[in-house]
Amino acid sequence: MRLNSSFYKRDVLFVAPDLMGKTLVRKTNDELLFYTIYEVEAYGGVEDEASHARFGKTSRNSIMFAQGGMVYVYLIYGMYWMLNIVTGAEGHPQAVLIRGVKGLDGPGKVTKALGIDKSFYGEDLANSKRIWVENQETKPEIIQKPRHGIEYAGEPWKSMPWRYITVPPFQSF
DNA sequence: AGCAAGATCGGT
DNA sequence: CCGATCTTGCTG
């Protein structure tokens, strides 16, 4: 079942861990792709020196100020599209970066495999016909670590444990 | 108007 | 560790 708007309108620190193990669905012209969300990072509002929202509202991040459930896509290093999900209430910029899904380790690989580009900017996950997230009963075990690639943010932001990673299933024999 | 740096990735 | 590649937001 597709997650609705109220799921995303909560604070990013609740939404980010809750997205783990959920199914990211991408519908193209001729196929339906399902990916289990495996690793994400939470980015906060203007106070978070690692967040794009730290500059206030700009042309790039304006969708972060909308209500939760919108897609925030941007280009990094001139090459890779980053897929983010806006969370929280309108006027409270927050977003979750989708860093990895099962079988695709890395945010740039995720967007490449799913064919995500700038045209998805502002897409509403609660209503979109080409991308959404579906609920799953089982919740994976999660560990938290500092976010990746944000040394510039300084303390305490670069140390906040806002990267959520699914613990791989224990291999027994 | 110009510039430094970036929520990355793949190859040395 | 380094280069690719180009948008962004800041500075002047």
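Lettering of chains follows the sequences in order, A, B, ..., and the numbering in each one begins at 1. These numbers come from a predicted model, not from an experiment.
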* With sequence neighbours left out, what residues match Asn135(A) under side chain to side chain donor-acceptor pair (under 3.5 Å)? -> Lys22(A)

* Asked: For the rings on His52(A) and Tyr43(A), is their centre-to-centre separation under 6.0 Å?
  -> no

* Asked: Who are the salt bridge (charged side-chain N to carboxylate O under 4.0 Å, His left out) partners of Arg130(A), not counting sequence neighbours?
  -> Glu123(A)

* **Within 6.0 Å of CZ in Phe14(A), more than 12 heavy atoms from elsewhere** => no

* About how many Å separate CD1 of Ile76(A) and CH2 of Trp81(A), when rounded to the nearest 0.5 Å? -> 11.5 Å

* Asked: In a check of side chain to side chain donor-acceptor pair (under 3.5 Å) between Gln94(A) and each of Asn84(A), Asp48(A), Thr87(A), which one passes?
  -> Thr87(A)

* Using chain A heavy atoms and a threshold of under 4.0 Å, write down where along DNA chain C the contacts begin and end, 5' to 3'. => dA4(C) to dC10(C)

* Is there a residue in residues 141-153 of chain A whose heavy atoms reach under 4.0 Å of DNA chain B, and which residues are they? -> His148(A), Gly149(A), Ile150(A), Tyr152(A)

* To do: Check DNA chain C for consecutive Watson-Crick or G-U pairs with both distances under 3.5 Å and list the runs of at least three as stems.
  => B:1-6 with C:6-11, B:8-11 with C:1-4

* **Test: Lys129(A) and Asp124(A) ion pair at under 4.0 Å** => no

* Run the salt-bridge test on Arg99(A) and Glu41(A) with the 4.0 Å N-O cut-off and return the result as yes or no. => yes

* **Start and end of chain A contact along DNA chain B [non-hydrogen atoms, under 4.0 Å]** => dG6(B) to dG10(B)

* **Residue pair Val73(A) / Ile116(A), side-chain heavy-atom distance below 4.5 Å** => yes

* **Qualifying ring-ring contact (aromatic ring centres under 6.0 Å, His included) pairs, either residue in residues 131-161 of chain A, two or more places apart** => none

* **Least distance between heavy atoms, Ile63(A) atom then Val86(A) atom** => O-CG2, 3.5 Å

* To do: Mind listing the residues from residues 96-121 of chain A sitting with a heavy atom below 4.0 Å of DNA chain C? Number order is fine.
  => Lys118(A)

* Indicate yes or no for a side-chain donor-acceptor contact from Glu90(A) to the backbone of Ala66(A) under 3.5 Å, with no hydrogens or angles considered. => no

* Asked: To the nearest 0.5 Å, how far apart are CD in Glu39(A) and CD1 in Ile142(A)?
  -> 11.5 Å

* To do: Could I get the full list of salt bridge (charged side-chain N to carboxylate O under 4.0 Å, His left out) partners for Arg10(A), not counting sequence neighbours?
  => Asp18(A)

* By a strict heavy-atom criterion of less than 4.0 Å, which residues belonging to residues 52-75 of chain A are in contact with DNA chain B? -> His52(A), Tyr74(A)

* How would you list, by chain and number, every residue that makes a salt bridge (charged side-chain N to carboxylate O under 4.0 Å, His left out) with Lys158(A), sequence neighbours excluded? -> Glu151(A)

* For Glu134(A), look at atom CD and say whether over 12 heavy atoms of other residues, nucleotides or ligands are found less than 6.0 Å away. => yes

* To do: Measure the OG-CG distance between Ser51(A) and Asn61(A) for me, rounded to the nearest 0.5 Å.
  => 7.5 Å

* Where along residues 37-45 of chain A does a heavy atom come under 4.0 Å from DNA chain B, residue by residue in number order? -> Tyr43(A)

* Hey, does Met82(A) reach any base, or is it just sugar-phosphate, or nothing, if we go heavy atoms under 4.0 Å? -> sugar-phosphate

* Base, sugar-phosphate, or nothing: which does Ala50(A) touch, judged by heavy atoms less than 4.0 Å apart? -> base

